There are 2 protein chains.
Amino acid sequence: MVTETTGTWGWAVGGAGPTREQELAWVERVAGFFARQNGLPPIPGRALGWLMICDPPEQSAAELAAAIGASRASLTTALQVLLAGGFVEPHHRAGERTTYYRLADDPWTDVTRRRMAALTSFLAVTEEGLDLVGADSARAERIRQVHELFGWLDSEVGPMWRRWDARRAGRDG
Amino acid sequence: MVTETTGTWGWAVGGAGPTREQELAWVERVAGFFARQNGLPPIPGRALGWLMICDPPEQSAAELAAAIGASRASLTTALQVLLAGGFVEPHHRAGERTTYYRLADDPWTDVTRRRMAALTSFLAVTEEGLDLVGADSARAERIRQVHELFGWLDSEVGPMWRRWDARRAGRDG
DNA sequence: CAGTAGTTTCAGTCACCACTGTAACGCGCC
DNA sequence: GGCGCGTTACAGTGGTGACTGAAACTACTG
């Protein structure tokens, strides 16, 4: 019963795939990253990480719960978060009542875009700050430093994403 | 006693400067931004915001505490955080034992650089993920999507910051 | 229409963290 | 060399938020 230990992963039969332990360690790193970057709670982060490497790529809430060792109730909340963030998509199979979840087509570009937009949103704050103290006052100098940086940053990211879009369009378009 | 209400701000005498309330509202917006972006606690964020607009630009811990309405003990912790992050610098005056704090010369570039470096650090995770599942396996496709995006992002930010450095060198160098 | 699998909701629990007040410590002035 | 201002360390507190278990709800099957 060798296949017993590897469970549902067809590819692992007789192969040298990663152990469940290695997979969960990696999942944890993914969760850690999204916790720091996007403020994602641990369980949504783990579910996301798991959906990046699981086989099959579509899994039910119960399967996800078992995989990452969380309660099904937690998975409900986690999946709501991931659905709202555009990370995962629900999928239904004919004749089954179970909802399967899978990674969205390409959530990463949008998510990263939003992330950088949030970064440059400080521009609005510095702008208001300059108005507040008076743009020509001595106090404005401190604000102007940040304001210039973020203004420049804002002017860079637009063209940058256009380059990405072009690159992607050229590859699969 | 008109100057009484405006306190220590010399520029405000007879002028139409911002009210303390307006200033604190702006400080709160700054704190909110750094809370979301850098995970800064409220008080360090407020101290940082206040140091961006206060007059004089150098203030003691006690002055900062009074300005943002926090305890002096909290300011100790907050200033440690801000010092460690490179946001503020201590300053000593001859014949005085008080330490005055002021905004660092230009903390923003470094902070933002680190922020973006943290973003692209996901590259190491995806790299390891590809190794884990095998780069040529079917499962790798999901990881490769992110990997390509972050690889590209990483290749963009280097030149981007070089442009910023050049721009800055050209302006004040 | 009863039974069942799956999902969602909700109240409760637990841990964590920021913040405060107090007490100790260090260091320049008289 | 004592005194006082300023800073630091620490225990206590309040609040927030993630997570769980159990109950309620929905939809499908026989």
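As the structure is a computational prediction, the values presented were derived from the model and not from experiment. So that the names make sense, note that chain A is the first sequence line, chain B the second, and so on, each numbered from 1.
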### Query
Which is true for Ser60(B) with a 4.0 Å heavy-atom rule: it touches a base, it touches only sugar-phosphate, or it touches nothing?
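Touches nothing.
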### Query
Near DNA chain C, under 4.0 Å by heavy atom, which residues of residues 62-79 of chain B?
Ala70(B), Ser71(B), Ala73(B), Ser74(B)
### Message
Let's see if you get this right: which residues in residues 25-45 of chain A place a heavy atom under 4.0 Å from DNA chain C?
### Response
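The stretch gives none, as no residue of it lies under 4.0 Å from the strand.
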### Query
When the ring centroid of Trp161(B) is compared with that of Trp152(A), is the distance short of 6.0 Å?
yes
### Query
What distance separates Leu75(B) CG from Glu63(B) CD, expressed to the nearest 0.5 Å?
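Rounded to the nearest 0.5 Å, the CG-CD separation comes out at 11.0 Å.
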#### Entry: Under 3.5 Å: donor-acceptor pair, side chain of Arg139(A), backbone of Cys54(B)
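Answer holds: no.
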### Message
Looking at Gly85(A), is its backbone amide N or carbonyl O close enough to the side chain of Arg114(A) to form a donor-acceptor pair, meaning the two atoms are under 3.5 Å apart?
### Response
yes
### Message
Using a 4.0 Å cut-off to any heavy atom of chain B, which nucleotides of DNA chain C are the first and last in contact, reading 5' to 3'?
### Response
dA18(C) to dC29(C)
### Message
Looking at Arg113(B) and Asp165(B), is there a salt bridge between them, counting it only when a charged N and a carboxylate O are closer than 4.0 Å?
### Response
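Salt bridge between Asp165(B) and Arg113(B), a charged N being under 4.0 Å from a carboxylate O: yes.
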### Task
Please work out which of the three classes, parallel, tilted or perpendicular, describes the rings of Phe33(A) and Phe122(B), given edges at 30° and 60°.
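Judged by the thresholds at 30° and 60°, the geometry between Phe122(B) and Phe33(A) is parallel.
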### Task
May I ask you to decide if the ring planes of Phe87(B) and Phe34(B) are parallel, tilted or perpendicular, using 30° and 60° as cut-offs?
perpendicular
Please tell me if the side chains of [X] and [Y] come closer than 4.5 Å, counting only heavy atoms from C-beta onward.
{"X": "Leu64(A)", "Y": "Leu79(A)", "value": "yes"}
{"X": "Val133(A)", "Y": "Trp26(B)", "value": "no"}
{"X": "Leu40(B)", "Y": "Leu82(B)", "value": "yes"}

### Span of DNA chain D in contact with chain A (heavy atoms, under 4.0 Å)
dA18(D) to dC28(D)
### Query
Taking the nucleotide of DNA chain D with the closest heavy atom to each, which residue, Arg97(A) or Arg46(A), is nearer the 5' end?
Arg46(A)
#### Entry: Pro90(B) to Thr99(B) - nearest heavy-atom pair and separation
CB-CG2, 3.9 Å
#### Entry: Residues forming a side chain to side chain contact (heavy atoms under 4.5 Å, CB included) with Arg144(A), sequence neighbours excluded
Ala140(A), Glu141(A), Glu148(A)
### Query
Under the side-chain hydrogen bond (donor to acceptor under 3.5 Å, both in side chains) rule, what pairs show up with a residue in residues 66-78 of chain A, not counting sequence neighbours?
Ser71(A)-Ser74(A)
